[in-house]
Structure formats: structure tokens, C-alpha cells
Amino acid sequence: MTKVRNTAVLLSTAALFFAGSANAREFADIYTECGLGAMIAPNNAAVAAVTNVTWDLGTTAISSNASSPDSCAGGQGNSAAFIFDAYPSIEKDLAVGSGEHLTALLSIAGVTEPARDDVTAQLRADFAKLVAAESYSEQTRFEKAENLYNLLYGQVG
Amino acid sequence: MRTIIFCLIAVLASGDASAAEPLEPVMQRVRDSRLAEDPTWLRLLHFENGEASERSEVLDDDFFLAENGRDSSYDELVATLTALFEEQSSDPDQSVACRFPARRLFLNTRLELGLPEIECPRLANWIKADQLDSVSLMMISGYFGNPASTFGHVLLKINNGSVPDGYTLLDLGINFGAVVPENENTLVYVVRGLLGGYQAGFSDQDYYRADLTYTRTEFRDMWEYKLNLSDYQTKLLLNHLWEITGRRFRYFFLSTNCAFRIAELMQLVTERPFVEDVDVWYSPISVFHRLDQVDSSMGEGNGLISSIRYRPSAQRIFLAHVEALDADERSLLDALIEADGNLDLLIGVDARRRTRVLNVLLEYYQYRMAGNLDEDTDASLREAKDDAVRARLALPAVAAAPQVPIPARRAPSSAAPPSRLGIGIGHSEEFGSYSYASFAPFSYETTGNNLLDYSSLIVADLSMAHDDDGLRLEAFDIVRARKVNLNITNIAGESTSSWEVAFGARRENNACRDCREAFAEGAMGKSLRLRGGTAVSALFGIDLATGADGSSAFSRLLLNLGSAERWGSEFGATYRYYPRESEDRFVLRWSSRVSLAHRHELNLDVSSDDTVQGSLYYAYRW
């Protein structure tokens, strides 16, 4: 069982960190093409003013089940959007080591249950290095999200 | 592969294959059964009030297949059936069958057409039928920070059963909202919203976005009502959402708002009266009162509600986690916050305790910085947060978040419905006995059976008295709102102010008859929760009034008690200082409410304002 589990972990981790490099999309491309950041208003007042309204009528919304068969739907598009929008929650969950947003991130990235603990441990260790950088506090949401996205998809940022 | 494609095209093109009925006999059955006037067909087309004599409320032309499909449900039905039978499309996703799957499902089922199974790749990718678990209605509590959000919001949630523990971030949220230009002026926004100046529609988004906005930025509580729908009902709902998402409607804040449109969907799939006999205003809470009624009417075990689950806001969760710390940990947390993130205070603290305190400290920073991009937050706060992240990362991960019990809040549908009609009698020291009546289309009183926790939100509350000398106005509150802030967890930087606003018309005091005045008052202060659920508030404010005595400054002391569900009482003492008059005034007020049943109440209002009067009345709520 341990051998099977270890193999599963190895394969999942490999899939996560290497398969992406063949066709992984740049975070910046997804950000631009899929209109990320549209949801985050520049300040609280703007968010408050529009939260019972809708930004658009679904033509550019990125739901996981989005009607567009490529570009912004599924996998990387969703990961990018999720990381950008929910970065503070993901950061907190990574720091603590568990939480809804961390689990959701792993789900979106396709990490299956047996491999999650090990992937989490690895991700947490690598994330600590990102956060240790002196410039971390000055980075924008875009930069932080891009770095985490690249960490997740095994690209060197 | 080519064989498969050929078969697929053959299947799509086989409108008149032997498996399906020929068209003309079907049309005859349609005419004989008057199917064009079927309530479900009319609701699929969104005909106003579900009546064939009206027209569709969908503004987009391409929602209709017939040229006059917007006005004729019969012509639209003919066009739809014709397309379903005779269309030959090389791209399944562009076919009528795949663009209007709910219409196809309804017609195929109702008319027993025997239409073949088809593949709609984009629709299948959207529905993800193999992962579908259930559908929920989300009640999002009101939010004083935005006029449109004050009365709450309703969302649909399509629940994905494939994620572990059934949690919700990756579910699909369906929202109905108005499309409002960015940075719209608030007054313009209110006026256009009331007068139909916006278009609106359904949009889909990953549920984590709704969670981010409502739970983690606006700190609203939510209740999830999981629905007990049949497979057919679920399929009809999802297929119709596919047809209607992105389509435009005209938006009226009071009538055809999020609550109404979602209630319409509920009526479409359940054929129950969610949008029958609607008053001028359909508030979000009304969806849940109706859901409750429908559920009860369906009998034990067969109801429409599968479960109700309270989802506390991030603020409540955070405060509960603070409360769960022991005294030393709590002191340490407060000290760390005061020290602007100087983590030297953690030196010498054991790892377990350090972990617990850092976990809550991280939540604190998240709470403080909610809704803002990192680069827009205060630099020292951001740096303090990053230091805490680093410190926590140096400690081992926790396997799972510790379970801290969050005090449950009862479902909003268990509260009394918001509209109120009161009938009763009263006695005035000055004028003798009188009969009394009051009406408010939306009233959550401080003494009421609601979840506002001694706060209030009342709109257009009119009360009148009648005696031998005729009719007199008692009061007309256009808006009365009070926010009683009972923040019992004194977190550094946390707002603890209570406030109150009201404006409208009233009698100047109890001793005069025809002495109406317009008024507007505002006050701020502090509230405290005492033992046994009692709350006491002290407020200071200004009252602008057009009457003989004029405007005043006032101080007000309030005592609120009651369980809310069964009864509520309020004692108020107001001391008014009049700059223009030499005589200050002292006004006492006592209000009490007892619930006889969910919709039936007994109320007592006694006031001493120059002279004493009191009213005792029965109130019916709906």
C-alpha cells in the first residue's frame, strides 16, 4: 500500500510540476485574456457599491464550468483566477497548513486525495522561501499570485 | 472517430426518424391541449406574471425563435417544435436543441415526443452531471453599507458532490443582479434602481467569489437551504439556467429583483406559488418564507427543504476563535496587535501556544485587510502580517483546522415575515380612548421576532388613531434604522459604535392633536450586552423638526430584553435639550411584543411625552 501511495504521490507531484511545462500558459497571459482582477475593486467602497449587482452577464465570467471550451475555463485558467482573487486566504491557509482555500486550490490543480498531504508539505516549504524574500511585502497582488501560480505549475518565475 | 461523428450528425438530423413523432400530429395536440398557455411553457419564456396575454420580459431578441415570439407564446412554441424536428445543424452547440435544452426537455416530456438523446458538448461541460449533487438557495443577510444590500440577497448554488467534505468553494453560484456602471453616484443608483433604469440578468461564477465578497469582505452571515428536487426538476432548472444566463431583463429594485427572479425559477421547476400574489415589494427574505410555506404544505418527509445550514461570516468565525483562546493566549494576542506585529513577544512561548496565537493573529490581519489588494493596504499592517506569516510557516502545519463551535443562529425564515398590519385600541390621558391601526410593508423592530439582535430596520411605518374627534396621525416613519453594535470581543481597532437614524412625520407630543411635524434624527453611541441577553445602549444625537418646539439635541438610554423569538421589550428614556425653548423635555417609552404564533403578535406601546398614552394592538405579519 505504501508503495502504491508513494507511486501515486510521485506521479501526482511529477504531473503537477512537469507536465505543465509542456503547455502551461503564462500567468500574465491568463490575467489579461480572462480579465482577472475585475472582481477586486480598488477599494472597499467600490466593492460595497456593487455587490448586489453583477459585473457582466456571464460573457466573461470564469466559472469552473464556463461555456468556453478553452482559454479561461478549467485547470490553469481557474487556478490563476482563484490564486489571484483569493490570495490572502490561500496565503493564510498555507501558513497554517490547512484550510478551505488550500484544499480548493489543490482540487482545482487536480491533486488527488492520496497525494495532498505531501504536496501540501512541499508547497508550504517552497512558499516559505517566496515569503522569506525581502521584497515580499512590497510585491503587488499580481506578482504574488504569479509567483504562487508558477510554484504550483513548476515553472521558474 | 469518423463513424462516431457520422452517427452523431445522423442522430441530430434524424428529426423525422421513426423514433420521433412526425410534426403535424404533434402540432394538433399542441393546439388541442392549449400547451402554449401552459404555466411551465410561459415561465420558460418569462412571460410577465406567467400569463399568455402578457409579453416576455426577456429583452434579447435572440432568445426568441419566432419573429413575434416575445408576444406570442404559441408562435414561439411552433417555432421551437419546428426547429427541434427539422433543424439540421453541423455544430451541435449552435443547434436549437442545445441552446434551449429546457424547452426541449419540457416539450419532449409533456408531449411524449420520443426525441433522441443528443450530445451538447458545451452544455455537458457546464452541467457536469456526474459531479452534480444538489441545488441550494442561499440567504445572505442584510448589509447596512449599501442601499441595495440592506435587505439581503439571494443566490442559487449548484452543489458539486465530487469535492471532499462537501464544502462549497468550488460549487457554482448563480447570481441575478443589475448591471451598474462603475462608480455610479449613490443617489442616481437608488433612483435608477427604483425606476427600472438598469438592465439585469443571471450570471454564473465559482462560488468562492461569492464567499469572498459576502463572507470575507462584507462579513454577512448566510444560510444555506439545500433543496429536495427531483431529477427532472434539477435537470429542468439547470437546462433553463443555460438558456437564460446572460439574457437581459429590466431591473426594478422593489419588484423584479434578485429575489423575484430566483423565486420565478423556483416556481418554474416546482410548480408551487413562489411568485403568486406578490405585493409591490419582493424582499429576499420573502423567498424563504414562501419556501417554508411550500415545504410545510408538502407534508412531513416530502418537503422541498432537505436541510438548513448556517454559514457564519468570517467576522463571526474570527471572533469565536478569539473567544476560544485562554486568558494568557488572549493577552498575548492583544499585545501582539498593539505592538504592530513585533513578534519578540513570542520568544519563550511554547510551540503549541505560539501556533494557536499565530493562527488567530493571521485571521486578525486577514480581517483587517479584507477586500483590499495587498498594495493598497497600510504598509506597516502588511509588514506585520507578513512577519506573522513567516513565523507561522516556521512552525509545523496543523492537519485540520480546530473545530471551534460557532453559536448557531436560527434560520431567517423562522423569523416573523417583514410586512405588518396592526389593529387595536388605546387610551390617552389627554384625549381618552381611541382605536388604533398601523401598517408597514417592511418592519424589523427592535422588539421584533427577527435576527437583527436589537437592531432595527423599518420602512414606511404608518400609525393612525381614531376617536370621537376624528382621525389623527400618530407617526409615519419613512425610514427608521438602528444598528446596535454588541461587539463583545474587544479586538483592537474594532468599531464598537451603535447608531440610529430616522425620518418622517409625527405628532409633536402626546398632548396635542393636530400638531404634525416632519423630523429627521441621527444619533451615535455605545451598547453593551448584559447578563441574560439584555442590552443597554446610550446614544447622543440631533433631532431636526419643523414643529413649534423646533430642533433639539438629545441623549437616549435604551434597555432591550427578550428572546426575540417569543417576546421582546424595550425601555427608552430620551432627554431633549431645545436651544430655542427654555424647557427641556423628558420622554419615556416602553414597547413590548409577544408572539402568539409565527405570524401573529400582540404589541403594547406606552409613551410619556407631556402626557401618557398607550396602545395595545394585534399585528398580523406576512
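If you take CZ on F82(A) and CG on D206(B), they are separated by 9.0 Å, rounding to the nearest 0.5 Å. Between L212(B) atom CG and D85(A) atom CG the span is 6.5 Å, to the nearest 0.5 Å. Atom CD of E138(A) sits about 5.5 Å away from atom CZ of R382(B), to the nearest 0.5 Å. Rounding to the nearest 0.5 angstrom, the gap separating the CG atom in D376(B) from the OG1 atom in T140(A) is 10.5 Å. Interatomic distance, L373(B) CG to Y87(A) OH, rounded to the nearest 0.5 Å: 13.0 Å. Annotation: the span from L102(A) atom CG to L169(B) atom CG amounts to 11.0 Å, rounded to 0.5 Å.
E375(B) places a side-chain N or O within donor-acceptor distance of the main-chain N or O of R141(A), the cut-off being under 3.5 Å. In this structure, R390(B) contributes its side chain and A128(A) its backbone to no donor-acceptor pair below 3.5 Å.
With chain B as the partner, the residue from Y136(A), F127(A), F142(A) showing the most heavy-atom pairs under 4.5 Å is Y136(A). In terms of heavy-atom pairs under 4.5 angstrom with chain A, the leader among Q366(B), E383(B), M369(B) is Q366(B).
Within the 4.5 angstrom heavy-atom criterion, only backbone atoms of P396(B) (N, CA, C, O) approach chain A. With a 4.5 angstrom heavy-atom cutoff, L395(B) touches chain A only via backbone atoms. Only the side chain of D211(B) has a heavy atom closer than 4.5 Å to any heavy atom of chain A.
Residues forming a side-chain hydrogen bond (donor to acceptor under 3.5 Å, both in side chains) with R354(B) (at least two apart in sequence, or on another chain): none. With sequence neighbours excluded, no residue forms a side-chain hydrogen bond (donor to acceptor under 3.5 Å, both in side chains) with D117(A).
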For this session: Step by step, work out the side-chain contact (heavy atoms from CB on, under 4.5 Å) result for E91(A) and D386(B).
Result: CA-CA 10 Å; E91(A) 178 189 64; D386(B) 290 341; 4.0 Å; yes
For this session: Please lay out, stage by stage, how H101(A) and R216(B) fare under the test side-chain contact (heavy atoms from CB on, under 4.5 Å).
Result: CA-CA 12 Å; H101(A) 286 81; R216(B) 291 171 200 283; 3.3 Å; yes
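Summarising the geometry of R392(B) relative to V96(A), their closest heavy-atom pair is NH2-O, 3.0 Å, with the distance given to 0.1 Å.
With contacts defined as side-chain heavy-atom distances shorter than 4.5 Å, the pair L170(B)/I108(A) qualifies.
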